[in-house]
Amino acid sequence: MAGLALAFRRLGALSGAGALGLATYGAHGFDLRSPDEYRRELFDKANKHHFLHSLALLSVPLCRKPLLAGSLLGSGMILFCTSFYYHAISGDPCLVKMAPVGGSLLLLGWLSMAL
C-alpha cells in the first residue's frame with residue numbers, strides 16, 4: 001500500500017503544479033487572446049476544480065480504499081477539467097459532453113473517500 005500512497009501523492013502534487021501553470025497561463029497568456037467572457041469563466045471554473053481535486057488527491061492515501069477513491073478522482077478530474085479547458089482555449093465544444101461524466105466520477109470519488 002505504501003507504493004500506492006506515494007503514487008497518489010505524486011499525482012496530486014504534479015496535478016497541482018499543472019493547475020498552477022494553467023492558472024498562470026489563464027492570467028497572462030489566455031487574457032491576451034481576449035476570448036469572450038463565457039470562455040474565460042469556463043477556464044476559471046476548470047482551474048478551480050483542478051486545484052481543488054489536486055488537493056483531494058493528496059489526501060487519498062489516508063482513505064480506507066485509496067485505489068478506488070484515487071481512480072475516481074483522477075479520472076473524473078481529467079474528464080471534467082480537460083473538457084472545460086479545451087472548450088475555453090479552442091472554442092470547440094465537442095468535448096464538453098464529457099464534463100457530466102467527469103463530474104459524476106468526481107462525486108463518486110468524494111463519496112468513496114467516506115468508505
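Atoms considered below: every heavy atom in the structure, side chains included; atoms not considered: hydrogens, waters and symmetry mates.
Considering only residues two or more places apart in sequence or on other chains, His49 meets the ring-ring contact (aromatic ring centres under 6.0 Å, His included) condition with His53, Phe80. Take Ser54 and apply the side-chain hydrogen bond (donor to acceptor under 3.5 Å, both in side chains) test, not counting sequence neighbours, and it matches Ser15. A search for ring-ring contact (aromatic ring centres under 6.0 Å, His included) contacts involving Tyr86 returns nothing, not counting sequence neighbours. Legend: residues meeting ring-ring contact (aromatic ring centres under 6.0 Å, His included) with Phe43, ordered by chain and number and at least two apart, are Phe30, Tyr85.
Using a 4.5 Å cut-off between side-chain heavy atoms of Ile, Leu, Val, Met, Phe, Trp and Tyr, with links allowed through other members, Leu57 and Leu4 fall into the same hydrophobic cluster. By the rule that hydrophobic residues join a cluster once side-chain heavy atoms approach within less than 4.5 Å of another member, Leu115 and Leu67 end up as members of separate clusters. One hydrophobic cluster holds both Leu95 and Leu79 under the rule that ILVMFWY side chains link at heavy-atom gaps under 4.5 Å. When the side chains of ILVMFWY residues are joined at heavy-atom separations under 4.5 Å, either directly or via intervening members, Leu11 and Trp110 end up in a single hydrophobic cluster.
Using a 4.5 Å heavy-atom cutoff, the side chains of Lys65 and Ser112 are not in contact. A heavy-atom distance below 4.5 Å is not found between the side chains of Leu106 and Leu72. The closest side-chain heavy-atom distance from Ile89 to Tyr25 is below 4.5 Å. Side-chain contact between His87 and Tyr38 is present, with heavy atoms from C-beta onward closer than 4.5 Å.
Atom CG of residue Leu55 and atom CG of residue Leu73 lie 11.5 Å apart, to the nearest 0.5 angstrom. We find the OG-CZ distance between Ser90 and Arg39 to be 7.0 Å, quoted to the nearest 0.5 Å. Taken to the nearest 0.5 Å, the CG atom of Leu68 stands 7.0 Å off from the OG atom of Ser71.
Considering every non-hydrogen atom in both Ala46 and Cys81, the closest pair reads O-SG, 3.5 Å. Pairing each heavy atom of Gly18 with each of His50, the nearest pair is C-CE1, 4.0 Å. Smallest separation of non-hydrogen atoms from Leu105 and Ser75: CD1-OG, 3.7 Å.
As a member of the Ile/Leu/Val/Met/Phe/Trp/Tyr network built from side-chain separations under 4.5 Å, Leu62 groups with nothing else and remains a singleton. Through chains of ILVMFWY side-chain contacts below 4.5 Å, Phe51 is grouped with Leu20.
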